[in-house]
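Residue numbering restarts at 1 for every chain, and letters A, B, ... go by the order of the sequence lines. Quick caveat, the model's predicted, so the values are computed rather than measured.
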There are 2 protein chains.
Amino acid sequence: MSVRHTDVTAGPAELEPCGQPGHPECGIRDVLDRVGDKWSVLVIVELANGARRFRQLQRAIEGISQRMLTLTVRRLERDGLVLRTVHPTVPAQVDYRLTETGASLTHLVKALADWSLEHRDTIARARQTYDAQHPDNGIR
Amino acid sequence: MSVRHTDVTAGPAELEPCGQPGHPECGIRDVLDRVGDKWSVLVIVELANGARRFRQLQRAIEGISQRMLTLTVRRLERDGLVLRTVHPTVPAQVDYRLTETGASLTHLVKALADWSLEHRDTIARARQTYDAQHPDNGIR
DNA sequence: CGGGATCCCGTGTGATACTG
DNA sequence: CAGTATCACACGGGATCCCG
């Protein structure tokens with residue numbers, strides 16, 4: 001049962017029970033409900049490099065619609081991860097920047113990216129193997 | 001360009017551009033497409049504490065339907081994060097355990113949970129403030 | 001420029017019934 | 001026990017038009 005700490009990737013992390021009758025709140029769902037959607041992390045990544053205006057964000061994030069960009073930054077603002085500043089010029093000018101809380105999220109995002117890059121090939125091969133052994137499978 | 005390592009929470013992490021024409025692949029979306037859904041992380045959390053059988057998982061994860069548990073473990077299996085073992089008994093007996101890749105994910109999940117618990121109150125207050133200042137808002 | 005309002009559709013998820 | 005099959009539906013998200 002002893003765990004070697006000489007190798008950080010040796011075993012799974014110790015995690016509190018989660019989503020169970022007695023322990024409904026582990027916090028994980030909160031984060032995922034916040035950044036698990038299609039665009040939030042991309043906005044955060046873009047803002048990690050500094051303040052951006054609305055159109056700047058839209059141009060930087062390929063494929064996002066005006067509607068979704070609006071909704072995404074609004075939600076991030078509501079959660080206090082992004083600060084929205086309106087400059088009363090004509091035409092209006094609005095910029096977005098990460099709050100301190102939002103900035104702290106970037107480290108998590110980086111951890112996600114690092115993990116992905118590290119295991120991407122392994123996962124791709126696992127998929128190929130699985131799909132080869134399960135020809136007719138509605139999962140993909 | 002130098003980074004102080006004395007304070008990890010000082011500023012935002014340095015992140016590669018992501019989702020842009022020139023840099024479409026930062027890897028983040030891959031991870032989120034994998035664990036960003038409603039149930040995957042809960043399965044991973046449960047399996048972090050050891051192998052589980054199908055019904056065990058379903059009882060441990062409150063609210064999950066048979067269908068969604070099946071789909072979730074299948075996807076995780078396909079990606080090589082979970083190993084599925086069928087014992088040819090009667091009635092059939094199947095157990096699930098994390099692969100090494102899957103186990104490495106638990107550290108990420110723990111980071112997510114830690115971040116959430118650390119900022120949950122701050123975010124809750126930000127929401128209250130926002131909602132108070134924006135009475136009729138379709139965001140929530 | 002920075003949105004709001006509407007319409008529309010795919011798909012992720014839930015409920016239920018059936019099977020080896 | 002460990003699934004599969006089917007239906008049913010809400011919701012996220014895209015497209016489009018309009019406004020201050």
Side-chain angles (χ1 to χ4, degrees), chain A residues 19 29 32-43 46-47 51-79 82-97 130 133-140, chain B residues 19 29 32-43 46-47 51-79 82-97 130 133-140:
Chain A
R29 280 252 49 90
L32 290 176
D33 288 344
R34 202 155 284 118
V35 300
D37 63 81
K38 192 170 178 181
W39 302 109
S40 291
V41 287
L42 299 183
V43 170
E46 187 59 24
L47 293 183
R52 296 286 187 272
R53 294 178 46 192
F54 189 86
R55 299 290 297 183
Q56 267 185 304
L57 279 176
Q58 194 178 3
R59 276 188 294 264
I61 302 171
E62 196 181 26
I64 194 170
S65 64
Q66 264 184 353
R67 167 186 154 82
M68 287 317 296
L69 181 53
T70 300
L71 283 177
T72 303
V73 292
R74 281 289 190 284
R75 286 194 279 246
L76 293 174
E77 184 198 2
R78 176 173 183 246
D79 289 340
V82 159
L83 183 63
R84 177 172 176 267
T85 312
V86 183
H87 300 97
T89 61
V90 175
Q93 193 165 323
V94 180
D95 61 49
Y96 299 89
R97 69 186 66 239
Y130 184 93
Q133 293 172 353
H134 306 261
D136 49 349
N137 204 320
I139 293 192
R140 39 169 197 175
Chain B
R29 280 252 50 88
L32 290 176
D33 288 344
R34 202 155 284 118
V35 300
D37 63 80
K38 192 169 178 180
W39 301 110
S40 291
V41 288
L42 298 182
V43 170
E46 187 59 24
L47 293 182
R52 296 285 186 272
R53 294 176 45 189
F54 189 86
R55 297 290 297 182
Q56 268 184 303
L57 279 176
Q58 194 178 2
R59 277 188 294 264
I61 302 171
E62 195 182 25
I64 195 171
S65 64
Q66 258 183 355
R67 168 185 155 80
M68 287 317 296
L69 181 53
T70 301
L71 284 177
T72 303
V73 293
R74 281 289 191 284
R75 285 195 280 246
L76 293 173
E77 184 197 3
R78 177 174 182 244
D79 289 340
V82 158
L83 183 63
R84 176 173 176 268
T85 312
V86 183
H87 300 97
T89 60
V90 175
Q93 193 165 322
V94 180
D95 61 47
Y96 299 89
R97 69 186 66 239
Y130 184 94
Q133 293 172 354
H134 306 261
D136 48 348
N137 204 323
I139 293 191
R140 42 171 197 173

Original post:
Going 5' to 3' on DNA chain C, which nucleotide is the first and which the last to come under 4.0 Å of a heavy atom in chain A?
Top reply: C/dC1 to C/dT6
Original post:
Taking only residues two or more places apart in sequence or in another chain, which ones pass ring pair (Phe, Tyr, Trp, His ring centres under 6.0 Å) with A/Tyr130?
Top reply: A/His134
Original post:
Roughly how far, to the nearest 0.5 Å, is CD1 of A/Ile64 from CZ of A/Arg59?
Top reply: 13.5 Å
Original post:
What pair of heavy atoms forms the shortest contact from B/Arg75 to B/Met68, and how long is it?
Top reply: NH2-CE, 4.0 Å
Original post:
If you round to the nearest 0.5 Å, how far is CG of B/Leu76 from CG of B/Leu83?
Top reply: 12.0 Å
**OP:** Could you tell me which non-hydrogen atom of B/Leu69 sits nearest to which non-hydrogen atom of B/Leu57, and how far apart they are?
**Re:** CD2-CB, 3.9 Å
Original post:
Does OP1 or OP2 of D/dA2 have a side-chain N or O of B/Arg53 closer than 4.0 Å?
Top reply: yes
Subject >> Heavy-atom pair of closest approach, residues B/Gly36 and A/Arg29 >> reply: O-NH2, 4.2 Å
Original post:
How close or far is atom P of D/dA2 from atom CD of B/Glu77, stated in whole angstroms?
Top reply: 15 Å
Original post:
Hey, which of these two, B/Lys38 or B/Ala92, hits DNA chain C nearer its 5' end, going by closest nucleotide?
Top reply: B/Lys38
Subject >> Contact residues, residues 66-75 of chain A to DNA chain C [heavy atom, < 4.0 Å] >> reply: A/Gln66, A/Arg67, A/Thr70, A/Arg74
Subject >> B/Arg55 side-chain N/O to D/dC1 phosphate OP1/OP2 under 4.0 Å >> reply: yes
Original post:
Roughly how many Å is it from CG in B/Leu57 to P in D/dC1, rounded to a whole number?
Top reply: 13 Å
Subject >> Minimal non-hydrogen separation, B/Arg34 against B/Asp37, with atom names >> reply: O-OD2, 3.2 Å
Original post:
How close do A/Tyr96 and A/Leu47 get, heavy atom to heavy atom, and via which atoms?
Top reply: O-CD2, 3.5 Å
